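Small disclaimer: the values here were computed from a predicted structure and weren't measured.
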Amino acid sequence: MRDPIDRLLAGTHPRPDALLGRHDGVLRALLPGADQAWIDGAEMRRIRGPLLEGTSTGDSMMQVRYGDHVQTVHDPYRVPSRLTDDDRRDIRLGAGNLVDLLGSFPVDDGVHFAVWAPNARGVTVFGDFDSWGAGSFPMVLRAGVWEVFVPGARIGDRYKYRVVGADGLTRDKADPLAHRTQRPPETASIVTAPSEFEWSDATWLGDRVVEDHGRVPFSAYEVHLGSWRRGLDYRLAARLLADHLTDLNITHVQLLPVTEHPYGPSWGYQVGSFFAPTARFGEPDDLRFLVDHLHSRGLGVILDWVPAHFPKDTFALGEFDGTPLYEHADPLRRDQPDWGTYAFNLGRDEVRAFLLASADYWCREFHVDGLRVDAVAAMLYRDYSRGEGQWRPAADGSHRNEEAVDFLSDLTDLVHDRHPGVMMIAEESTAWPGVTTRTEDGGLGFDFKWDLGWMHTTLGHFAAPTGDGVLSLAASLSEASRERYVLPLSHDEMVHGKGTLVSRMPGDDLRTRADHVRTLLAYQWAHPGKKLLFMGQEFAQVDEWSDHRGLDWDLLHGDDGPVHRGVAALVRDLGRLLRKTPALYAGDCDATGLDVLTANDTSNQVIGFVRRAPAGDGLVACLFNFSDADLPDYRIGLPRGGCWVEVLNSGALDYQGRGLGNFGAVDAETRPSHGRPFSASITLPARSSIWLVPA
């Protein structure tokens, strides 16, 4: 198609401004659906189809008749580009903040649009402002970026880009930089003004800047907003979540991804828009309200963020300009087979800049206190979930993805530099070295890493406790300081037939299974590492989690309500003890924070250790009986003599246990045991944990 007008009408002319707008006293315009048009009082001549022209002395306003209605239409090409040559160079080099360069930018009399699609044959923006005509506003290509000003477009207008790809196919695409979207299943982007939300969390943001997040208390409650309580929006959830987490003495809420996603059952992990919160629960300022309110109640907010992959839905990033633009061109690197998605091409500067801008945007615009980066292993390994012949080795023959290593290092550096106090947390499921080592020392620079090995080993043992299982359970104690860990009991272990914590425990009745759950939670809270608990497990939800229904809150008030309330009471006390006891958190990432007393008592299935703060702020002896037998006279070595107070008994009557214990305290005498000069004889009830502190 060589004729310029043919290309213009087909939406494939890269410089429509060369034909449209005012040139040598003649103004040309595309006016689809127009019956007549006038400029300077003279009727315009129809050249072909919707293309009209008329003599203009400088006026860009046309009077256009559509049926019985006449309206004023402005020439879109009279307004110069808002981007400079330096801006376009920055986009190409991945050097600029894309949020300031690409997307939709409203002004008084219209909206500037800009989208990166360097290989497209043509791009047209269409939406509410042209009655979705898809022909009035062909965009101008400059250095890989398509731009146009749409007069009369306004905040709140829905829009898409119609992209004629390099492959000749036409696709209607959402704006990759949209800050607001339609509510799924609709997929249009929405023109959004800069937020004028009035934050009230300046003190919180200052206080969160600490020297070392490893030395402060941290417990996260993992939430899927759509199923925590059905029917909530961001604002209603703010108050209810704050009340619930404050009651439980939790320090942070961690939200499954709230980035917009087309498919609800993906739980947000297949992201359609990397800059827009899901419209399922309200507008962007409503999410800001949620974060601000939680901060006002002393609660931090962590967001799941997904840079490893994106869905193949036609409206989204895949084959954006008719070529593999955001994804790899290499078919052996393009897909993430586990999820049927595309993998980001992290070797491309523009793609790295896109993802870095997204991370920066969530921290800056929504004041989040942490990003939990999903599926890091899928990024680091070229052969992740791929069999022989299904992956391409690196130049050195290894399976390392050095592009991902560089990106993740840049990511953690950027967030730490620009947003002091924000934590970076990796879900990394392998033994990749140095995930939480500083980048200047050769690591990836994360503050914490999910310890998925701890999760699987621990849940496996609790589901089928054995003497030998104690040895594998205790192995994590010797590796607790290898990385800086979060101990997750996460959503991944509460779906797909795995059951909930209480449903997978042994025992013929709910009370016995609840004993095991309370012991498990006490073990998690005592073990070195930060804590994460998925919603519903704090009251022993029985049925497996489902994203399309709410949690079974009525269990707290049913026939077995006392048992469920007992588990919740334990979580409340674990949170209280964690917050006020430096020995339980200050040494989480330090080998000096743990002193193992016994880890090989397979006959009794007992583990015991002492938690201590590096600064010497107290001791907590944490003892666990994983068996079904009471141990009424168990001698355990202790680092100090004298009275030790029982500050926690997971089998106490307050938690609906059997009430066996030590009457509030034990005495440690000068009698060596377990390599310690002192020891005490204690009662360790079956399926329980006892915590002791020196008087």
Side-chain angles (χ1 to χ4, degrees), residues 1-66 70-85 87-88 102 104-115 117 120-154 157 159 161-164 191:
M1 187 183 297
R2 297 182 180 275
D3 182 77
I5 293 179
D6 287 341
R7 296 183 67 187
L8 178 68
L9 297 179
T12 59
H13 200 299
R15 292 302 302 264
D17 58 330
L19 298 175
L20 301 174
R22 194 160 64 90
H23 300 277
D24 298 326
V26 175
L27 187 142
R28 298 185 188 90
L30 284 174
L31 301 170
D35 295 305
Q36 284 179 292
W38 300 264
I39 188 164
D40 289 344
E43 185 172 356
M44 299 178 70
R45 179 175 67 90
R46 190 176 299 276
I47 300 175
R48 189 188 308 168
L51 180 60
L52 287 80
E53 71 174 14
T55 302
S56 170
T57 60
D59 195 351
S60 68
M61 293 188 296
M62 296 165 278
Q63 303 301 311
V64 183
R65 181 173 66 83
Y66 299 95
V70 176
Q71 67 183 59
T72 299
V73 175
H74 290 265
D75 169 29
Y77 302 97
R78 79 188 194 280
V79 178
S81 168
R82 64 180 297 275
L83 297 179
T84 66
D85 289 341
D87 291 335
R88 298 185 193 96
L102 299 176
S104 62
F105 298 88
V107 292
D108 289 342
D109 56 347
V111 177
H112 292 272
F113 293 92
V115 62
R121 296 183 185 179
V123 181
T124 302
V125 66
F126 66 114
D128 290 334
F129 40 78
D130 68 347
S131 300
W132 295 91
S136 300
F137 303 106
M139 303 178 78
V140 177
L141 177 63
R142 299 185 180 96
V145 178
W146 297 82
E147 310 168 58
V148 74
F149 175 76
V150 177
R154 57 190 179 184
D157 279 353
Y159 68 98
Y161 298 116
R162 178 153 291 172
V163 181
V164 181
V191 177

Side-chain donor-acceptor pairs of residues 122-129 under 3.5 Å, sequence neighbours excluded:
from : atom 1 : to   : atom 2 : distance (Å)
D128 : OD1    : W132 : NE1    : 2.9
D128 : OD1    : R158 : NE     : 3.2
D128 : OD1    : R158 : NH2    : 2.8
D128 : OD2    : R158 : N      : 2.9
D128 : OD2    : R158 : NE     : 3.0

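- Scanning both residues, G135 and L30, for their nearest heavy atoms gives O-CD1, 3.3 Å.
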Review point. Does the side chain to side chain contact (heavy atoms under 4.5 Å, CB included) test come out yes or no for L52 and R45, once each step is laid out?
Key: CA-CA 5 Å; L52 287 80; R45 179 175 67 90; over 6 Å; no
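- At least one donor-acceptor pair under 3.5 Å links the side chain of D3 to the backbone N or O of I5.
- Proximity of L102 to V145: side-chain heavy atoms (C-beta onward) are separated by under 4.5 Å at one or more points.
- The distance from atom CG of L19 to atom CG of L8, rounded to the nearest 0.5 Å, is 5.5 Å.
- Looking only at side-chain heavy atoms (C-beta outward), V73 and M61 stay at 4.5 Å or farther from each other.
- No side-chain donor-acceptor contact under 3.5 Å links R22 to the backbone of L27.
- With a 4.5 Å cut-off on side-chain heavy atoms, P14 and W146 count as touching.
- The side-chain hydrogen bond (donor to acceptor under 3.5 Å, both in side chains) analysis of residues 23-36, with sequence neighbours excluded, yields the pairs R28-E53, Q36-E43, Q36-R65.
- Between the CG atom of L141 and the OG1 atom of T12 there is a distance of 12.0 Å, given to the nearest 0.5 Å.
- Scanning all heavy atoms of the two residues, the minimum distance from R88 to S81 falls at NH2-OG, 2.9 Å.
- For R154, the CZ atom sits in a loose shell: 12 or fewer heavy atoms of surrounding residues, nucleotides or ligands are nearer than 6.0 Å.
- P151 places none of its side-chain heavy atoms less than 4.5 Å from the side chain of D109.
- Listed by chain and number, the residues in a ring-ring contact (aromatic ring centres under 6.0 Å, His included) with H74 amount to none (sequence neighbours excluded).
- In this structure, the separation between CE on M62 and CD on Q71 is 10.5 Å, given to the nearest 0.5 Å.
- If you take CZ on R78 and OG on S56, they are separated by 11.5 Å, rounding to the nearest 0.5 Å.
- Here S104 contributes atom OG and D157 contributes atom CG; the two are 9.5 Å apart, rounded to the nearest 0.5 Å.
- No donor-acceptor distance shorter than 3.5 angstrom exists from the side chain of D130 to the backbone of F137, with no hydrogens or angles considered.
- Looking only at side-chain heavy atoms (C-beta outward), V148 and P138 stay at 4.5 Å or farther from each other.
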Exercise for review: Start with the C-alpha gap between R48 and D6, add the side-chain angles, then the distance that decides, and say whether salt bridge (Lys or Arg N to Asp or Glu O under 4.0 Å) holds.
Suggested key: CA-CA 9 Å; R48 189 188 308 168; D6 287 341; 2.3 Å; yes
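- No donor-acceptor pair closer than 3.5 Å links the side chain of R142 to the backbone N or O of E147.
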